[in-house]
Amino acid sequence: MRVGVQTFTIRKSQKRNIEKSYLPLIEMGIVNFEVARIKFNKKNALIIKSLIEKYNINISAIQVKPKYVFNHKEEIIEFAKTINCENVVVSMLPFKCILGKEEKFYEFISTLDETYEFYKQNSINLAYHHHNWEYITLSNGHTRMEELLSKTHKIKFVFDTYWTVKSSFDPLKQIQQFNDRLLGVHLRDLALYKKNIKVLSKDCELGNGIINFKEIIENAISVGCKYLVIEQKTKTPYKSISTSYNYLVNNNLIER
C-alpha cells in the first residue's frame with residue numbers, strides 16, 4: 001500500500017496556497033491525500049481537480065467538521081464528486097457531546113446514522129475519525145467508542161494511532177473491533193517526555209516514538225483498510241513528513 005498525507009499537517013501553507021503546499025509532497029513521491037482544513041467550496045474543488053489532472057494525485061478522503069457534514073450535505077457531496085472522491089470523514093465529536101450531557105452524544109449517533117444513508121444514496125461513504133474523547137466511559141459502563149460501534153451499523157471509521165495509544169488502548173485490539181468497517185488510518189507516533197515529575201506525551205515523527213507501526217499496518221491491511229495517511233502537529237511539516245515517509249519506506253512498511 002502507498003502512503004499519503006493528511007493535510008492537517010500542512011494546514012498553514014495550504015491556507016496560503018493549496019497548489020504550492022502540495023508540490024513538495026508530490027516531489028517526495030507522495031500522491032495520496034486526505035484533504036482537511038480547507039473551505040469545501042467550488043473554487044477549492046477546482047484547484048484540487050486541476051492538481052489531480054496535472055500530477056495524477058489521488059484524494060482518498062475529505063475530512064470535514066460535523067456541522068458541515070450534517071448541515072451542508074449537498075455542497076460537500078458536490079465537492080467530493082468534483083475531485084472524484086468517494087469518502088467523507090466526520091472530523092471529530094462535537095464539543096456539545098464532549099462537554100454536554102450523554103443524551104447529546106446519543107443524538108449525535110442518531111444523526112450520524114441518518115446522514116450516512118443520505119450520503120450513501122449519493123454514492124459517498126461516510127466515516128468517522130476519533131480522538132481520545134471516545135475512550136471515556138459512560139454511565140452504562142461502555143465507552144463512547146463501544147457505543148459508536150454498536151449503535152451505528154454501517155458507518156466506516158478512520159483510526160488514529162496516536163489518540164488510541166495516548167488513551168492507553170491497544171491499537172491492534174481497536175483495529176480488530178473496527179474490522180471491515182476500518183476505512184483509513186492516521187499514522188502518528190507518540191513520544192513520552194518528563195516535565196517536572198510528570199510523564200507527558202506528544203505526537204512525533206514515525207519511528208521517533210513508542211508505537212509499533214509494522215503490526216498496525218499489517219493488521220489494518222488484513223481487515224481491508226483502504227488508505228494510510230501521515231498526520232502530525234508540527235512546526236516543520238515538510239521535514240516531519242519526509243522523516244515519517246522515509247521511516248515507512250526504509251522499513252519496508254509501504255511501497256514508494
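Atoms considered below: every heavy atom in the structure, side chains included; atoms not considered: hydrogens, waters and symmetry mates. The residues of the chain are indexed from 1 along the displayed sequence.
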Using every non-hydrogen atom in the two residues, find where Phe105 and Leu148 come nearest and quote the distance to one decimal. CZ-CG, 3.9 Å
Less than 4.0 angstrom from a charged side-chain N to a carboxylate O is my criterion; do Glu19 and Lys54 meet it? yes
Side chain to side chain contact (heavy atoms under 4.5 Å, CB included) partner of Val3, chosen from Val31, Asn32, Leu187: Leu187
From CA spacing to verdict: side-chain hydrogen bond (donor to acceptor under 3.5 Å, both in side chains), Asp113, His153: CA-CA 8 Å; Asp113 248 4; His153 306 292; 5.0 Å; no
Roughly how far apart are Glu34 CD and Cys85 SG, rounded to 0.5 Å? 8.5 Å
For Asn208 and Asp189, run side-chain hydrogen bond (donor to acceptor under 3.5 Å, both in side chains): C-alpha distance rounded to whole Å, both residues' side-chain angles, the deciding distance at 0.1 Å, then the answer. CA-CA 7 Å; Asn208 289 343; Asp189 212 339; over 6 Å; no
Do we get Arg11 above Phe8's six-membered ring, with its NZ or CZ under 6.0 Å from the centre and within 45° of the axis? yes
Specify whether His131 and Trp163 have parallel, tilted or perpendicular ring planes, treating 30° as the upper limit for parallel and 60° as the lower limit for perpendicular. tilted
Do the rings of Tyr128 and Phe157 sit parallel, tilted or perpendicular, given the 30° and 60° boundaries? perpendicular
Is the closest basic N to carboxylate O distance between Lys154 and Glu117 below 4.0 Å? yes
4.5 Å side-chain heavy-atom contact, Ile241 and Ile10: yes
Salt bridge present between Asp203 and Lys233 (N-O < 4.0 angstrom): no
Excluding sequence neighbours, so at least two apart, what forms side chain to side chain donor-acceptor pair (under 3.5 Å) with Thr9? none
Determine whether Phe159 and Thr164 make a side-chain contact, defined as any pair of heavy atoms from C-beta on separated by less than 4.5 Å. yes
Should Tyr227 and Val185 count as side-chain neighbours, where that means a heavy-atom distance under 4.5 Å? no
Within 45° cone of Phe118 ring axis and under 6.0 Å: Lys73 NZ or CZ: yes
Yes or no on side-chain hydrogen bond (donor to acceptor under 3.5 Å, both in side chains) for Ser123 and Glu86, after CA distance, side-chain angles and deciding distance? CA-CA 7 Å; Ser123 304; Glu86 60 183 18; over 6 Å; no
Members sharing Tyr193's hydrophobic cluster, built from side-chain contacts under 4.5 Å between Ile, Leu, Val, Met, Phe, Trp and Tyr, are Leu200
Anything under 30° is parallel, anything over 60° is perpendicular, the rest tilted; go ahead and classify Tyr68 against His72. tilted
Fit a plane to each ring of Phe95 and Trp133, take the angle between them on a 0 to 90° scale, and name the class: parallel (under 30°), tilted (30 to 60°) or perpendicular (over 60°). perpendicular
